[in-house]
Asker: 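Submitted below is the structure of interest, expressed as C-alpha cells.
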Amino acid sequence: MLTISYKWQETTIEFAAKELQYYLQQMGLSACCLKNSEGIQLGLFHEFSLTSQGDADVDDEIAVEVKEGTGYIAGSNPRSVLFGVYRFLEFCGVRWVRPGKNGTYLPSISLLPERISLRETASKRHRGICIEGAVSLENVLDLVDWMPKLGFNSYFIQFRDAFIFFDRWYAHRGSTIKSPEPFTVERSLSYVKKIQQAVKERGMLLHMIGHGWTCEPFGVENHGWDPVKESDIPESYRTVCAEVNGKRDVWMNMPLATNLCYSNPQVRSAMVNSVVKYLRENPQVDLLHFWLGDYYNNSCECSECSKLPVSDFYVKMLNQLDEALTKEQIATKVVFLIYYDLMSPPIQEKIENPDRFVLMFAPISRTFTQSFPKGFAIKEVPSYQINRFALPSSVEENLAFLYQWEQLFHGDTFDFDYHLMWDHILDAGGESIAKVIHQDIQNFDSLGLNGLISCQLQRNAFPTSLAMTVMGKTLWNEQSVFSDIRRDLYSAAFGPEAELELERYFSTLSRCFDVAVLRGQKQLPKDQFLLLLKEALKTMEDFGSVIYAHGEAKNACRESSWKLLSLHRQLYSLWAQSLIARLEGNTQMADQLQDQTSNLAWEQEDLLQPVLDCHFFDLMTRNRIQLG
C-alpha cells in the first residue's frame with residue numbers, strides 16, 4: 001500500500017493529501033493518508049531544505065522527487081503543494097479534460113512510474129478566472145475544483161453577491177424550455193460564501209468585487225447591469241453623480257455604469273471608507289478590486305472635475321485608500337484598472353505606495369482575432385479630452401495606453417481579458433481563439449504583464465476545453481507548445497486513435513468560421529466566405545461517420561466527449577446553414593434556421609449545461625455577427 005504523509009495540520013495540504021489518495025485509488029492503486037510517516041511526503045519547501053526563488057506567498061513553485069513510491073511533493077506555499085500533487089498525477093497518466101462529472105481521464109495502472117522528478121516555477125504570478133455568464137452554484141464549484149489542476153491560482157467573484165450571474169441561470173433568461181426559478185440576493189450571498197470556502201480550501205487567491213463602489217457607499221443597491229427604477233434611486237445619490245451636459249443623474253438608469261463627482265472630497269471619503277469597512281469585515285479577501293463606473297464618456301464635467309483627467313482623481317483616491325488601510329493595519333492588495341476613460345493616464349497625481357496596488361489592464365474593445373505583439377508597436381496616445389474618449393479597437397492601440405501607464409506605475413500588473421466571453425462562441429473549432437490566448441501569454445513579458453485574469457463564461461468546454469487548457473498550461477509554463485497541449489488534450493478526451501482526425505476537423509472549422517469576417521473586422525468577398533461556410537458544412541456532414549464509429553467508447557470521460565461533439569456538430573451545422581442563407585439574401589430562411597439552432601441548444605440544455613452557456617450562445621450567434 002502507498003502511504004501519503006503530511007507533517008502538520010494545514011487545510012490545503014491536507015486537501016492535497018486527500019486528492020492524491022483519491023486519484024491513486026481511482027486508478028486502481030491502494031493508498032492511505034497517515035501523518036508523520038514514510039512514503040510520499042507532502043509539505044512546504046523548508047521542510048525538505050528547499051529554497052524558493054520568488055515571493056513564496058504569491059509565486060508558485062513545486063518540487064517532486066518520488067522513486068518507487070517514496071519521496072516528497074513540495075511547494076513554496078500550500079496551494080503549490082496541491083499543484084505538485086496534480087503535476088505528479090499527470091505524470092501518472094491522469095488528464096483533466098474539462099470541469100465536472102466525467103471530466104477526468106483516469107488510466108488504470110498497477111504501479112507508479114519508477115521515478116518522477118520535477119522542479120517547476122509558474123511563469124506568471126496571476127493565473128485566474130473571473131465569474132461571468134449564467135451559472136449555477138455547481139458550475140462554479142466544478143470550475144474552482146478544476147482550475148488548480150491546470151495551474152490556475154486565483155478566482156475572482158465580481159460584486160459582493162454575484163447575483164446577476166446566478167440569476168441569469170436560475171431565472172433561465174432567454175430559455176424557450178425552462179421556466180424561471182425563484183432566486184434571491186440572500187441565496188446568492190450564501191453561494192458566494194460556499195465559493196470562497198472552496199477557493200480557500202485549495203489555497204487559491206481570492207479576488208473580490210470590482211463593480212459597485214460608485215453606488216453602494218451611497219445607499220444604492222448594485223446587483224448587475226439591469227437598469228433600476230427611477231423611484232429606487234434616492235435624490236441624495238443624484239446630487240453626487242457626475243455632471244454631464246449640465247445635469248447630474250444616474251447614467252442610463254444603471255448605478256453600476258454611473259460615474260460620480262470625484263473632485264468632491266466627501267464622495268472620495270465615502271468610497272474609501274466603504275472599502276475599509278468591507279475589508280475589515282472580510283479578511284479572507286486577498287485582492288480587492290476598486291473600480292469606477294462601468295461605462296465611458298460619462299465623467300463629471302463640473303468646474304473642478306474638468307480641470308484634470310478622471311484618472312488623476314482616481315489615483316488621488318487610491319492614495320487615500322492606501323493611507324486608510326495602512327492606518328487600519330490591513331495588508332490586502334488593491335487592484336486598480338485602466339479601462340474606458342481611465343485608459344488615459346493621470347497628468348499630476350502618482351501612486352505613492354506601488355507595493356499596495358496591482359495594475360489591471362482591461363482592453364475590452366480589442367479584437368480577439370489578433371494576438372498581442374512582442375513589445376509595444378505604438379507608444380503615443382491621443383491627448384485627453386473629457387468625454388471624448390474613442391474606444392481603441394486594435395491590439396496595438398489598446399497597448400499604447402498600457403505603455404503610458406507603465407511609465408508612471410512601476411508595480412505588479414496583469415491583463416484582465418475577454419477571450420472567452422463573447423467571440424469564442426463564433427469560433428466553431430475553438431482553435432483560433434486558443435492560439436490567440438497562447439501567443440498573448442507568451443508575449444506578456446515584453447509588455448510588462450505578469451499574468452492574466454480571464455473574464456469569461458464559466459461553462460466553456462464545448463466541445464473541448466482547449467482554450468481554457470491552453471490558458472492554464474501556458475500561464476504555468478510560457479514555453480509550452482500549442483500543438484503539444486492540443487494533441488495531449490484531444491488524445492485524452494477522445495482517444496489517441498482519433499487525435500489526428502480531430503486536429504484536422506477542428507482546424508478546418510476554425511478556418512472556415514472566420515471570426516474576423518463574422519465580426520466585420522476583416523473584409524472578404526461574399527462568394528469566398530460562402531465557399532468557406534459550405535466547406536465547413538460538408539466537413540461536419542462527413543465527420544458524422546467518425547463520431548458514429550466512436551459512439552460506444554468504454555471510458556466515461558471519452559464517451560461524454562463524443563456525445564458532446566455529436567451535439568456540437570448538429571448545432572454548428574444548423575448555424576452554418578443560417579449564415580449561408582443570410583449571405584445568399586434569404587433573410588426569412590436565415591432567421592428560421594437561427595431559431596432552430598437556438599431551440600436545439602435550449603432543448604438539449606440539460607446535457608449541455610456543464611460545458612456551454614446556452615444563454616450567451618443564443619445571444620452571440622444572433623447579435624455578435626456583423627456580416628456586410
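These figures come from a predicted structure and were not determined experimentally.
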Asker: Please confirm whether His615 and Trp169 have ring centers closer than 6.0 angstrom.
Answerer: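 Centroid separation for His615 and Trp169: 6.0 Å or greater.
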Asker: Taking the six-membered ring of Phe15, is the NZ or CZ of Arg79 close enough (under 6.0 Å from the centre) and on axis enough (within 45°)?
Answerer: no
Asker: Just checking, is any N or O donor in the side chain of Asp60 or Ser80 under 3.5 Å from an acceptor N or O on the other one?
Answerer: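 Yes - a donor-acceptor pair under 3.5 Å links their side chains.
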Asker: Around atom CD of Gln26, are there more than 12 heavy atoms from other residues, nucleotides or ligands closer than 6.0 Å?
Answerer: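 Yes - once you tally the heavy atoms of other residues, nucleotides and ligands closer than 6.0 Å, there are more than 12.
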Asker: Mind checking whether Phe444 and Phe414 have ring centres under 6.0 Å apart?
Answerer: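 Aromatic pair excluded; centres sit 6.0 Å or further apart.
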Asker: Below 4.0 angstrom, N of the basic side chain to O of the carboxylate: do Glu90 and Lys149 qualify?
Answerer: no
Asker: Side chains of Asn77 and Asp57 only: does a donor on one sit below 3.5 Å from an acceptor on the other?
Answerer: no
Asker: Run Lys67 and Glu114 through salt bridge (charged side-chain N to carboxylate O under 4.0 Å, His left out) and show every step you take.
Answerer: CA-CA 6 Å; Lys67 184 177 181 181; Glu114 183 177 344; 5.5 Å; no
Asker: Taking only Lys NZ, Arg NE, NH1 and NH2, and the carboxylate oxygens of Asp or Glu, determine whether Glu201 and Lys18 approach each other closer than 4.0 Å.
Answerer: no
Asker: Please list, chain by chain and in numerical order, all residues satisfying ring pair (Phe, Tyr, Trp, His ring centres under 6.0 Å) with Tyr23, sequence neighbours excluded.
Answerer: Trp96
Asker: What I want to check is whether the side chains of Thr70 and Glu68 have a donor and an acceptor closer together than 3.5 Å.
Answerer: no
Asker: Between atom CZ of Phe165 and atom CD of Gln158, what is the distance when rounded to the nearest 0.5 Å?
Answerer: 4.0 Å
Asker: Is it the case that atom CD in Gln25 sees more than 12 heavy atoms from other parts of the structure closer than 6.0 Å?
Answerer: yes
Asker: Among Ile453, Val335, Ile338, exactly one meets side chain to side chain contact (heavy atoms under 4.5 Å, CB included) together with Met360. Which residue is that?
Answerer: Val335
Asker: Check Lys124 with Asp445, please: is the shortest side-chain N to carboxylate O separation under 4.0 Å?
Answerer: yes
Asker: Can you tell me if Glu281 has over 12 outside heavy atoms packed within less than 6.0 Å of its CD?
Answerer: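 Yes - once you tally the heavy atoms of other residues, nucleotides and ligands closer than 6.0 Å, there are more than 12.
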Asker: Should Thr469 and Arg486 count as side-chain neighbours, where that means a heavy-atom distance under 4.5 Å?
Answerer: no
Asker: Is the shortest side-chain heavy-atom distance between Asp484 and Asp488 below 4.5 Å?
Answerer: no
Asker: For Asp412 and Arg356, what are the C-alpha separation, side-chain angles and deciding distance, and is it a salt bridge (charged side-chain N to carboxylate O under 4.0 Å, His left out)?
Answerer: CA-CA 9 Å; Asp412 199 4; Arg356 166 73 69 181; over 6 Å; no
Asker: Would you please name every residue forming a side-chain contact (heavy atoms from CB on, under 4.5 Å) with Leu189, sequence neighbours left out?
Answerer: Asp161, Val185
Asker: Nearest 0.5 Å please: distance from the OG1 atom of Thr51 over to the NE2 atom of His46.
Answerer: 11.5 Å
Asker: With rounding to the nearest 0.5 Å, note down the distance linking CG in Leu137 to CG in Asp142.
Answerer: 9.0 Å
Asker: Going through the distances and angles, do Asp417 and Arg366 end up as a salt bridge (charged side-chain N to carboxylate O under 4.0 Å, His left out)?
Answerer: CA-CA 9 Å; Asp417 230 321; Arg366 66 169 285 191; 2.9 Å; yes
Asker: Ignoring hydrogens and geometry beyond distance, is a side-chain donor-acceptor pair present between Ser136 and Asn139 at under 3.5 Å?
Answerer: yes
Asker: Can you check salt bridge (charged side-chain N to carboxylate O under 4.0 Å, His left out) on Asp55 and Arg125, steps first, answer last?
Answerer: CA-CA 10 Å; Asp55 183 341; Arg125 173 177 291 178; 5.0 Å; no
Asker: Let me see the working for Phe159 and His223 under ring pair (Phe, Tyr, Trp, His ring centres under 6.0 Å), right down to the final yes or no.
Answerer: CA-CA 7 Å; Phe159 305 95; His223 303 298; 8.4 Å; no
Asker: Starting from the C-alpha separation in whole Å, work towards a yes-or-no answer on side chain to side chain contact (heavy atoms under 4.5 Å, CB included) for Phe357 and Phe290.
Answerer: CA-CA 10 Å; Phe357 298 100; Phe290 182 63; over 6 Å; no
Asker: Centre-to-centre under 6.0 Å for Phe361 and Tyr339, is that the case here?
Answerer: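 When the ring centroids of Phe361 and Tyr339 are compared, they turn out to be at least 6.0 Å apart.
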Asker: Under a plain distance cut-off of 3.5 Å, with no hydrogens placed, do His172 and Glu181 share a side-chain donor-acceptor pair?
Answerer: yes
Asker: I'd like to know if Lys200 and Asp286 make a salt bridge, using a cut-off of under 4.0 Å between side-chain N and carboxylate O.
Answerer: yes
Asker: With the side chain counted from C-beta on, respond yes when Leu325 and Thr332 share a heavy-atom pair under 4.5 Å apart, and no when they do not.
Answerer: no
Asker: Under 3.5 Å, is there a donor on one side chain and an acceptor on the other for Arg98 and Thr104?
Answerer: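 Distance-only check fails for Arg98 and Thr104.
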Asker: Report the C-alpha distance between Phe462 and Phe617 in whole Å, list the side-chain angles of each, state the deciding distance to 0.1 Å, and finish with yes or no for ring pair (Phe, Tyr, Trp, His ring centres under 6.0 Å).
Answerer: CA-CA 11 Å; Phe462 183 65; Phe617 175 81; 7.4 Å; no
Asker: Any side-chain heavy atom of His126 within less than 4.5 Å of one from Leu452?
Answerer: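 Contact flag for His126/Leu452 side chains = no.
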Asker: Do Gln439 and Lys435 make a side-chain contact, defined as non-hydrogen atoms from C-beta onward lying under 4.5 Å apart?
Answerer: no
Asker: Roughly how far, to the nearest 0.5 Å, is the CG atom of Leu143 from the CZ atom of Phe152?
Answerer: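 If we round to the nearest 0.5 Å, Phe152:CZ and Leu143:CG are 8.0 Å apart.
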Asker: Check the pair Phe166, Tyr191 against ring pair (Phe, Tyr, Trp, His ring centres under 6.0 Å), reporting the backbone distance first and the verdict last.
Answerer: CA-CA 9 Å; Phe166 292 112; Tyr191 285 2; 5.3 Å; yes
Asker: With a 4.5 Å cut-off on side-chain heavy atoms, are Tyr155 and Ile157 touching?
Answerer: yes
Asker: Please report the closest heavy-atom contact between Asp415 and Pro363, naming both atoms and the distance.
Answerer: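 Answer, listing the atom of Asp415 first, then Pro363: OD1-CD, 3.5 Å.
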Asker: List the atom of Ala134, the atom of Arg168, and the distance in Å for their closest heavy-atom pair.
Answerer: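 Closest heavy-atom pair between Ala134 and Arg168: CB-CB, 3.5 Å.
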Asker: Going by atom types alone, do Gln53 and Thr121 pair a side-chain donor with an acceptor below 3.5 Å?
Answerer: no
Asker: Is any side-chain heavy atom of Pro113 closer than 4.5 Å to a side-chain heavy atom of Cys92?
Answerer: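 Counting from C-beta outward, Pro113 and Cys92 do come under 4.5 Å.
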Asker: Report yes or no: do Asn282 and Gln284 form a side-chain donor-acceptor pair below 3.5 Å?
Answerer: yes
Asker: Looking at side-chain heavy atoms only, is the closest gap between Phe372 and Ile441 below 4.5 Å?
Answerer: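 Answer no - side chains too far apart.
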Asker: Is Arg119 salt-bridged to Glu65, going by a charged N under 4.0 Å from an acidic O?
Answerer: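 Here Arg119 does not pair with Glu65 in a salt bridge, since their nearest N and O are not under 4.0 Å apart.
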Asker: Between His289 and His207 (judged by ring centroids, cut-off 6.0 Å), do the two rings come close enough to count as a pair?
Answerer: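 When the ring centroids of His289 and His207 are compared, they turn out to be within the sub-6.0 Å range.
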Asker: So does Glu328 pair up with Arg280, basic N to acidic O under 4.0 Å?
Answerer: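 Salt bridge: yes.
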Asker: Could you go through the ring pair (Phe, Tyr, Trp, His ring centres under 6.0 Å) check for Trp476 and Tyr86 one step at a time?
Answerer: CA-CA 13 Å; Trp476 180 264; Tyr86 292 141; over 10 Å; no
